[in-house]
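These figures come from a predicted structure and were not determined experimentally. Residue numbers begin at 1 in each chain, while the letters A, B, ... track the order of the sequences.
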Amino acid sequence: MSEYNPSEIESTIQKLWNDENRFKSTPDEREKFYCLSMFPYPSGKLHMGHVRNYTIGDVISRYKKMQGFNVFQPMGWDAFGLPAENAAISNKVSPAEWTKQNIEYMKGQLNSLGLGYDWSKELRTCDSDYYKWEQLLFKKFYDKGLVYKKKSMVNWDPVDETVLANEQVIDGKGWRSGAQVEIKEIDQWFIKITDYADELLESLDELDWPENVKTMQRNWIGKSEGAHIDFKLENSNEKLTIFSTRPDTIFGASFLAISPQHKLAIDLAKENIEISNFLEKCKEVKAAEADMAKAEKLGIPTGLDAIHPLTGKKIPIWIGNFVLLDYGTGVVMGVPAHDQRDFEFASKYNLVITQVINKENTELPCLEKGILFDSNKYDGMHSEEAITSIIKDLQSKELGEGLVQFRLRDWGISRQRYWGCPIPVVYKDGEASVVEESELPVKLPELPEGSGPIPLSQNEAFINSKDGYKRETDTFDTFMDSSWYYARFPSADNDKDVLDENSRYWLPVDLYIGGIEHAILHLLYSRFFHKALRDLDMVDGDEPFKKLLTQGMVLKDGAKMSKSKGNTVDPQAYIDKYGADTVRLYMMFTSPPEQSLEWSESSVEGSFRFLKKLWKLVDGRKLESIQEPSSISDEGKNLRQKSHSTLQKIQNDYDSRYSFNTVIAAIMELFNAIPDNFKEDSATEEEVFCLNETIIFILKAIHPIAPHISEYLWQGFAQNILNENIDSSWPKFDSKLMEASGFQLVVQINGKVRGKISLDKGLDQKEIEEAAKSIENIRNNIEGKEIRKVIYIKEKIINFVL
RNA sequence: GCCCUAUUGGCGGAAUUGGUAGACGCGCGCGAUUCAAAAUCGCGUUCCUUCGGGAGUGCCUGUUCGACUCAGGCAUGGGGCACCA
C-alpha cells in the first residue's frame, strides 16, 4: 500500500500507451467513430479552454473505444497566422521558429494531459506538405469556376494592414486588432461560396447541431425571397432595377433611393458639386459611425425622376446613405407607409406617403402583410396573393422577375501577410494563371535567421518566377487552412495524394467539438469546402461534421478567462500539482460540457480527494476470482443492485447526453454505497465478490475521464485474471440484478407529499391503499373527509384527492 | 429592433417521459484523531417553525389529481444578427 502519486503513475502509463502505440487507428470492420476537437493555434501554451475542449473529446473517444468502436482522434496545428509575425517582430525570432517551438511545448502539454491522439497523422498547416495540397485544391476550385479575381471595395484593417472578410468585421472593427475598419479598393481573389448558399442553408436542417448555431448560420446566409423590378428613367432609355421583398406595396412607392456608391451617383457627382460633397460626407459618416443602424439617415435628390412601372407616375430618385451597394441591386423603392426605414427618410425630406395595405378585417394601415387597396386590379387581395400576381404580371411585361436574394457574399481570401500559404498564381502581361500541379508547392520563402517578417511583395527573389512570370504576393486567409484539415487528417501521412481511401473511410467527422465562437466563420467555410470537394468527387457525403458539440467558456470570478482581464489560470500549474487525472475529473465534474465552467481551486481539491479515496480502496487489492458465489446476502444483493443500475445510468449519460458531470456523480454515489465491512480483511467471500464487481465497474466507468489512475489500478487489480487492457471492453449490466425487493411509496394528499412508506413489491392496489392510510399523518388528514379520487402510479406514488 | 439561450440552497450543479426538488461535489458547522496542525474519518447543512408542521425552483396567470418540467404574459443576465430593402 502506497500513497497516490499522480505524476509517477501518469508518466508510467503515458509511456506504456506510447510504447504500445495504443491510439494508432487503422480502418477495420468495426463501426468507425471519428472524433475531432478543433485544432489549436500554437500561441505558446495551452489555456483552460483548450484543456476543457480536448478533455471532452478524449473522454468521448475513450468511451467509444470501450464500446467497441474503431475510434480515430487526431490532432494538429493551425499554424499560420498573425501572432507569429507579431512575435517575430518583438522577439527577433522567425515566425517559423517561433511556431515550431510553441508546437513542441504544447504537444508536450497535450501528452501530459493523457490525451489519446493518433500522432502518426499529426499535421501543421504551415508545412508545405500540408499547404501544397491546399494550393492544389485552390487550383481545382479555379478550374471548376469557383475562384475569381476582382477589384473590390474591401474591409481594410489599418493596424494589421490586411483585408478582412465580412465575417471578420465585428461592429465595424477588425476581429483581431479591434481597429476601425476602412473601406479601400484592391484586387482580390474570391471564392464563390454564394454558389452554395441555398444548399448551405437547406442542409442545415439535417445536421445534429445545436439549434443556436444553426440559427446563426441561417441568419448569416440570410435568404430573402422577392423580386427585381425595373423603373425606367424619365426622358431616357436607362432604367434602375430595385430589389424588394414586398412587391405587394409597389403602389405605395413614392421615391427610389440609390446607394452613394452606385454608379449613377458617382456619375452625377462628376457634374454636380452638391452631390459630390454629399458622397464625401457619406464616406466620413460610414467610417465614424460604427453602429450603422443608429446612423442618421441622409439623402439628396438627384433631380432625376423614374417612371412607376405600374402607374406610369413620376417619382423622384434620391441618393440615400442607408442604401447598401452590395446587397440587392444598390437601389430600393421607397414605400414610406409600409416600411419603418422608408418612413423615417420620407418624413425627414417631406416625401409623399401613400398607404396601400390595411391590416386584415380593419381599416388600419400596417407595416406587416395585409389586404391591398388603392392598387388597381390588385385591390382586395391579400399580400401573399398580390406578391405572386404582381410578379407574374411584371414578368410578362418584362419589367421584373421574382428571385431569391442572399445576404451571404463571396469569400475574399487574399491577405497581405507573410506568414500564410502563398496563393499559387503567376502573372504575365497582367494575365493571371494558376500554377500547374507539377510546380506545387509554391513555397513560402524562408527568412534570414532572426529576421522579422518580410512581406512577399518586398521579396524580389520570390516575386520573379521563371520565364518572366511574376508571382502573386498575397497569402490565403488562414480560414482556408482550417476549412479542410478535418478531411486531410486521415491522409496526413500520404505525400502522394491529398485525400486517400483513409479519408473516405473515416469521413464524415462523427463528433466535432469546439468553441461557439466558430459558429459562423470556420463552420460555414468548412461546410462549403466539403460540398465543393464532394462535387470534385474527392469526398463522400454532403456535410463534414455530423454532430457538433460546442463547449462552454471557462470563467474565473464570473468572467471569461482572458489575458486582458488578468484572470487566467495556467492549467500547467494544476497538472503539476494534482496530476492530469484530477484536472480532467474536475473539468468534467463541475459543469456539463455545453455550459460555462467556473474555475474554483477548492473544488479541484475535492476531485483530487475522490481519486485518493479510490486509490486507497483499490491499491494493493488483487482480484483472485470472478466466480460468482452460490449465495449472496441481502447487503451484497443491495450493492449489486446499485452497481448494475448505476452502470446502466452511466452508459446512458455517456451515450446520449454527454452528461459527464452526472456520470461522475453516479460513480461517487456508488463508491459511497459500498458497506465498510466489505472492505475489511474479515469480509466474507461473497462480500469480496460483490466488492470486486463494484470496483471493476468503477474503474471501467471512470477510465475515459481519469485514464491514468484507472489503468494503473486495473493492472494491479484485475489484469492478470481478466487478461485485457482496461479500455478493451465495457462491462455489461444485468437487469435481473437491478430489481429491488421492495420500494418506497410516496403518499400524497391533493398532490402534496404527506408521507412515505416502505413496502414489498407485488401488492395489489387495495393493499397499497390500506398501507398508505395506515400512516398516522395520512389518517389524520383524511379523517372526516370524502376521498373523491385515488391516483396510483405503480410502486411510486399514491395520491388521495379530497 | 429581431433571433437564440439561461434564471433551482452560501457556491458549482442534479431531478432523462409532468410523479419524493436540492443527487454528487465545494464551502461551512460540530465531533473523532493529534501535544498541535495538515491529512483523514463520522454527523449535520433550502428557508421558516409554536417542533404539530408550513413554505419553496426569477415574477404573474393558466392547464392538471400532481408543474423546476407544459401553455400565455413579464422581468433580468448571457450570446448572435442588424439601415439586408
Ignoring backbone atoms, establish whether A/Lys612 has a side-chain N or O less than 4.0 Å from OP1 or OP2 of B/U40. yes
A/Asp342 near the nucleic acid: base, sugar-phosphate alone, or nothing, with a heavy-atom cut-off under 4.0 Å? nothing
Tell me the partner of B/U46, counting only Watson-Crick (N1-N3 plus N6-O4 or O6-N4) or G-U wobble (N1-O2 and O6-N3) with both under 3.5 Å; none if nothing fits. B/A55
With a 3.5 angstrom cut-off on both distances, give the Watson-Crick or G-U wobble partner of B/U17, or none if there isn't one. none
Which nucleotide in the set B/A14, B/G25, B/C26 lies at the smallest distance from any side-chain heavy atom of A/Ser602? B/C26
Under 4.0 Å, heavy atoms only, any strand: does A/Ser607 hit a base, just the sugar-phosphate, or nothing? nothing
Can you tell which of B/G19, B/U16, B/C81 lies closest to the side chain of A/Ile520? B/C81
Applying a 3.5 Å limit to both distances, which nucleotide forms a Watson-Crick or G-U wobble pair with B/A85? none
Select one nucleotide: of B/U20, B/C65, B/A85, the one nearest the side-chain heavy atoms of A/Ile791. B/C65
A/Gln748 has a side chain; which of B/A85, B/G19, B/C24 sits nearest to it? B/G19
Between the base of B/U20 and the side chain of A/Gln744, is there any donor-acceptor pair under 3.5 Å? yes
Students often get this wrong, so: under 4.0 angstrom with heavy atoms, is A/Lys756 touching a base, only sugar-phosphate, or nothing? base
Need to verify one output field. Residue with the more 5' nearest nucleotide on RNA chain B, A/Glu669 or A/Leu325? A/Glu669
Within less than 4.0 Å of OP1 or OP2 of B/C65, is there a side-chain N or O belonging to A/Arg754? no
Report yes or no: is there a donor-acceptor pair, N or O only, under 3.5 Å between the side chain of A/Lys297 and the base of B/C83? yes
Taking atom types as they are modelled, would you say the side chain of A/Asn652 forms a donor-acceptor pair with the base of B/U16 within the 3.5 Å cutoff? yes
Is there a side-chain contact between A/Asn672 and the phosphate of B/C24, meaning an N or O under 4.0 Å from OP1 or OP2? no
Nearest listed nucleotide, side chain of A/Asn799, among B/G19, B/U40, B/A82: B/G19
Any donor-acceptor pair under 3.5 Å from A/Ser383 side chain to A/Gly370 backbone: yes
Whether A/Asp619 and A/Lys612 form a salt bridge (side-chain N of Lys/Arg under 4.0 Å from carboxylate O of Asp/Glu) is what I want to check. no
I want to check one thing: is the phosphate of B/C84, taken as OP1 and OP2, less than 4.0 Å away from some side-chain N or O of A/Thr245? no
Any idea how A/His644 and A/Phe697 line up, ring-wise: parallel (<30°), tilted (30 to 60°), or perpendicular (>60°)? perpendicular
Report which part of the nucleic acid A/Gly606 touches: base, sugar-phosphate, or nothing (heavy-atom distance under 4.0 Å, all strands). sugar-phosphate
Check ion pair A/Asp198-A/Lys223 (N to O, under 4.0 angstrom): yes
Using the side-chain heavy atoms of A/Asn321, tell me which of these nucleotides is nearest: B/A55, B/C83, B/U20. B/C83
d(A/Leu204 CG, A/Gln217 CD) to nearest 0.5 Å is 5.5 Å
The side chain of A/Leu324 lies closest to which of these nucleotides: B/C84, B/U40, B/C24? B/C84
With a 4.0 Å limit, can you tell me whether A/Arg609 has a side-chain N or O closer than that to the phosphate oxygens OP1/OP2 of B/A39? no
Across all strands shown, which nucleotide pairs with B/U40 by Watson-Crick or G-U wobble geometry, both distances under 3.5 Å? B/A32
Once you apply a heavy-atom cut-off of 4.0 Å, does A/Lys613 come out as touching a base, just sugar-phosphate, or nothing? sugar-phosphate
Nucleotide forming a Watson-Crick or wobble pair with B/U76, both distances under 3.5 Å: B/A6
Do A/Trp411 and A/Phe479 have ring centres separated by under 6.0 Å? no
Contact class for A/Val332 vs. all strands (heavy atom < 4.0 Å): base, sugar-phosphate, or nothing? base
What's A/Val790 touching, base or sugar-phosphate or nothing? Going by heavy atoms closer than 4.0 Å. nothing
Could you identify the nucleotide paired to B/G62, looking across every strand shown and requiring Watson-Crick or G-U wobble geometry with both distances under 3.5 Å? B/C70
Check every atom of B/A23, B/A85, B/A55 against the side chain of A/Ala665 and return the nucleotide holding the closest atom. B/A23
Establish, with yes or no, whether the OP1 or OP2 oxygen of B/G13 is under 4.0 angstrom from a side-chain nitrogen or oxygen of A/Gln595. yes
Ignoring hydrogens and angles, does a donor from either the side chain of A/Lys649 or the base of B/U16 sit under 3.5 Å from an acceptor on the other? yes
Does B/G27 sit syn or anti, given that only angles within 90° of 0 count as syn? anti
Mind telling me whether B/G72 is syn or anti, cutoff 90° either side of 0? anti
Could you please name the option among B/C24, B/A14, B/C3 that lies closest to any side-chain atom of A/Asn219? B/C3
Ring centres under 6.0 angstrom apart (A/Tyr586, A/Tyr578): no
Given B/U16, B/G25, B/G12, which nucleotide is nearest the side-chain atoms of A/Met668? B/G25
Pair A/Lys556 + A/Glu601, salt bridge at N-O below 4.0 Å: no
